[in-house]
Amino acid sequence: MTISSRYRSCSDRKSLSLPRFHSKETPLKPNGSLAITQHRGLSLKTNVFEQTHPVAGDLSYDDTCANVAEDKIGVLLLNLGGPETLNDVQPFLYNLFADPDIIRLPRPFQFLQGTIAKFISVVRAPKSKEGYAAIGGGSPLRKITDEQADAIQMALQAKNVSANVYVGMRYWFPFTEEAVQQIKKDKITRLVVLPLYPQYSISTTGSSVRVLQDLFRKDPYLARVPVAIIESWYQRRGYVNSMADLIEKELQNFSDPKEVMVFFSAHGVPVSYVENSGDPYQKQMEECIDLIMEELKSRGVQNNHILAYQSRVGPVQWLKPYTDEVLVDLGKNGVKSLLAVPVSFVSEHIETLEEIDMEYRELALESGIENWGRVPALGLTPSFITDLADAVIESLPSAEAMVNPSAGGVSEDSESSDAFSYIMKMFFGSVLAFLLLLSPKMFHAFRNHLI
């Protein structure tokens with residue numbers, strides 16, 4: 001029987017608003033019982049396969065719990081978003097750099113966030129437009145994410161789960177706020193939040209979840225909706241196997257597959273996120289690569305591999321080694337065949353289509369690498385989509401309200417304080433922007449660091 005708008009809930013379970021990943025083969029261990037909730041000082045396991053179901057596609061709705069309760073299920077996919085036209089580039093960049101999880105200012109200077117974001121977006125827009133023009137005039141991310149949402153919805157239906165699947169982008173349309181309003185309009189009563197980032201970072205999943213918490217805290221209806229947040233899923237067998245499948249397939253395009261260097265390129269983050277704020281991104285990324293390579297070795301694929309980080313911006317120190325520098329070194333050291341693997345991206349967008357396919361490919365060939373290949377992003381890979389659907393089903397029992405009802409809403413005094421704070425930020429920000437524009441030396445100093 002197909003379950004329509006029904007969900008088996010377990011009243012005796014008490015958990016946080018994050019999914020539990022139980023293994024059918026291995027007893028649950030204390031460190032594997034919850035998806036990540038607090039990231040500062042966290043000790044992560046290396047062999048995290050013990051937390052997940054062994055093979056994508058073997059899970060059905062009937063495997064979750066025993067008691068049946070009426071629920072209208074929603075799934076919210078979170079992603080970055082991207083400009084769809086060249087005219088969208090500058091406002092998209094403003095939204096990106098106005099995020100306090102991207103440009104992290106000391107508290108006394110946080111009122112300058114908007115001004116700095118405006119300045120950076122104006123300075124960077126011309127170069128960014130060139131990149132988007134090179135891939136067709138805009139980002140394909142929205143179209144691909146919509147297709148992934150449709151595919152996940154169909155995969156859930158195949159497992160007897162009726163659910164509405166929504167897309168919420170952090171920095172462009174459809175914004176997370178739009179998706180949340182639709183969720184409320186549709187009267188969703190149980191929600192699974194699935195960020196399309198395999199690894200957790202403050203700047204990706206963390207930023208989007210912060211927005212969700214703010215929205216749910218301010219709305220009495222949303223505050224009561226049980227929510228499960230899947231904060232990272234790089235350790236799932238379905239994901240790892242899907243990545244290994246793609247790598248194994250692309251290696252066969254080389255004349256001598258065994259001699260190919262497998263080159264994992266991940267999006268970087270500032271070192272301060274990891275060292276000062278406890279961001280687990282680097283550790284999770286390294287564990288992810290280990291799991292993929294272990295899977296490949298189990299299939300007899302013994303290629304050498306290396307991990308590097310791309311897309312750094314500004315004068316601060318980012319995670320190393322840098323992709324561009326590693327490519328040059330590999331060429332100097334005699335590597336002739338290289339397979340690029342965009343490991344932190346599950347959709348094609350500017351970082352894969354322009355940065356990797358054009359900039360890094362050209363750099364690699366100039367550096368002495370003769371044979372170049374690139375693994376496509378997972379996109380609509382069936383085993384990947386099926387595993388995400390399994391992750392949704394597994395997380396349903398642990399959904400709980402994101403907001404403590406006793407905490408109450410936003411007071412009038414708080415709203416008045418926010419309005420006053422906004423006015424002061426606008427005033428001082430405008431003054432600073434005016435002074436910066438009057439200083440050519442200051443402008444060029446910023447410009448040289450940010451382009």
Side-chain angles (χ1 to χ4, degrees), residues 123-124 126-135 199 201 203 243 246-248 250-275 281-290 292-293 296 301-345 348-377 445-451:
V123 171
R124 285 191 59 84
K127 184 176 180 181
S128 293
K129 285 183 178 180
E130 292 178 4
Y132 284 106
I135 63 171
Q199 304 82 16
S201 175
S203 58
M243 289 294 296
L246 291 178
I247 294 170
E248 192 173 23
E250 292 299 320
L251 283 172
Q252 299 311 308
N253 292 330
F254 291 85
S255 59
D256 189 355
K258 294 181 180 179
E259 296 301 316
V260 177
M261 172 69 71
V262 178
F263 183 81
F264 293 96
S265 187
H267 200 292
V269 300
V271 171
S272 61
Y273 286 24
V274 176
E275 295 184 351
Y281 177 75
Q282 182 181 22
K283 185 174 181 62
Q284 290 188 3
M285 183 59 68
E286 291 171 355
E287 289 180 344
C288 177
I289 304 307
D290 288 343
I292 294 171
M293 292 308 301
L296 286 170
V301 179
Q302 303 291 333
N303 294 62
N304 292 328
H305 73 281
I306 191 168
L307 167 65
Y309 296 92
Q310 66 180 82
S311 308
R312 67 186 186 276
V313 177
V316 300
Q317 185 89 320
W318 285 55
L319 291 181
K320 289 185 175 181
Y322 299 142
T323 293
D324 52 354
E325 295 179 357
V326 172
L327 287 173
V328 173
D329 290 341
L330 290 175
K332 289 180 179 178
N333 292 332
V335 172
K336 297 301 179 184
S337 298
L338 183 143
L339 179 62
V341 184
V343 67
S344 54
F345 311 103
E348 303 289 358
H349 55 306
I350 193 166
E351 281 87 351
T352 59
L353 299 174
E354 194 273 336
E355 194 171 5
I356 293 179
D357 286 355
M358 298 180 187
E359 293 181 28
Y360 292 146
R361 180 179 183 276
E362 181 180 357
L363 178 61
L365 296 178
E366 289 175 352
S367 301
I369 294 169
E370 298 174 357
N371 305 304
W372 168 276
R374 203 262 284 180
V375 170
F446 272 94
R447 189 175 188 276
N448 291 336
H449 280 306
L450 295 172
I451 292 186

Inset, instruction - Working to the nearest 0.5 Å, report the span between CG of L307 and OG of S344. - result: 9.0 Å
Inset, instruction - Just jot down the ring-ring contact (aromatic ring centres under 6.0 Å, His included) partners of H349, sequence neighbours excluded, or say none. - result: F345
Inset, instruction - For residues L319 and Y273, determine if any side-chain heavy atom of one lies less than 4.5 Å from a side-chain heavy atom of the other. - result: no
Legend entry - K283 NZ to E287 CD distance, which is reported to the nearest 0.5 Å: 5.0 Å
Legend entry - Residues in side chain to side chain contact (heavy atoms under 4.5 Å, CB included) contact with Q317, at least two apart in sequence or another chain: V271, K320, Y322
Inset, instruction - Could you check L339 against M261 for side-chain contact (heavy atoms from CB on, under 4.5 Å), going step by step and ending with a plain yes or no? - result: CA-CA 6 Å; L339 179 62; M261 172 69 71; over 6 Å; no
Legend entry - Residues that S367 engages under side-chain hydrogen bond (donor to acceptor under 3.5 Å, both in side chains), provided they are two or more places apart: none
Legend entry - Interatomic spacing from CD in Q282 to OG in S201 - rounded to 0.5 Å: 11.0 Å
Legend entry - Salt bridge R361-E354, side-chain N to carboxylate O under 4.0 Å: no
Legend entry - side-chain hydrogen bond (donor to acceptor under 3.5 Å, both in side chains) involving E355 - partner list, sequence neighbours excluded: Q310, S311, Y360
Inset, instruction - State, with a plain yes or no, whether a side-chain heavy atom of V301 is found less than 4.5 Å away from one of V262. - result: no
Legend entry - Any donor-acceptor N/O pair, W318 side chain to V313 backbone, under 3.5 Å: yes
Inset, instruction - Could you go through the side-chain contact (heavy atoms from CB on, under 4.5 Å) check for D357 and T352 one step at a time? - result: CA-CA 6 Å; D357 286 355; T352 59; 5.5 Å; no
Legend entry - Qualifying residues under ring-ring contact (aromatic ring centres under 6.0 Å, His included), relative to Y281, sequence neighbours excluded: none
Legend entry - L330 vs F263 side-chain heavy atoms within contact, under 4.5 Å: yes
Inset, instruction - Using side-chain hydrogen bond (donor to acceptor under 3.5 Å, both in side chains) as the criterion, list what pairs up with R312, not counting sequence neighbours. - result: D324
Inset, instruction - Drop me the distance from E351's CD to E359's CD, to the nearest 0.5 angstrom. - result: 10.5 Å
Inset, instruction - To the nearest 0.5 angstrom, please state how far the CE atom of M293 sits from the CG atom of N304. - result: 8.0 Å
Legend entry - Donor-acceptor pair, side chain of N303 and main chain of P257, under 3.5 angstrom: yes
Inset, instruction - Carefully, step by step, assess L327 and L338 under the rule side-chain contact (heavy atoms from CB on, under 4.5 Å). - result: CA-CA 9 Å; L327 287 173; L338 183 143; 3.8 Å; yes
Inset, instruction - Could you grab the distance from atom NE2 of H305 to atom CD1 of I247, nearest 0.5 Å is fine? - result: 10.0 Å
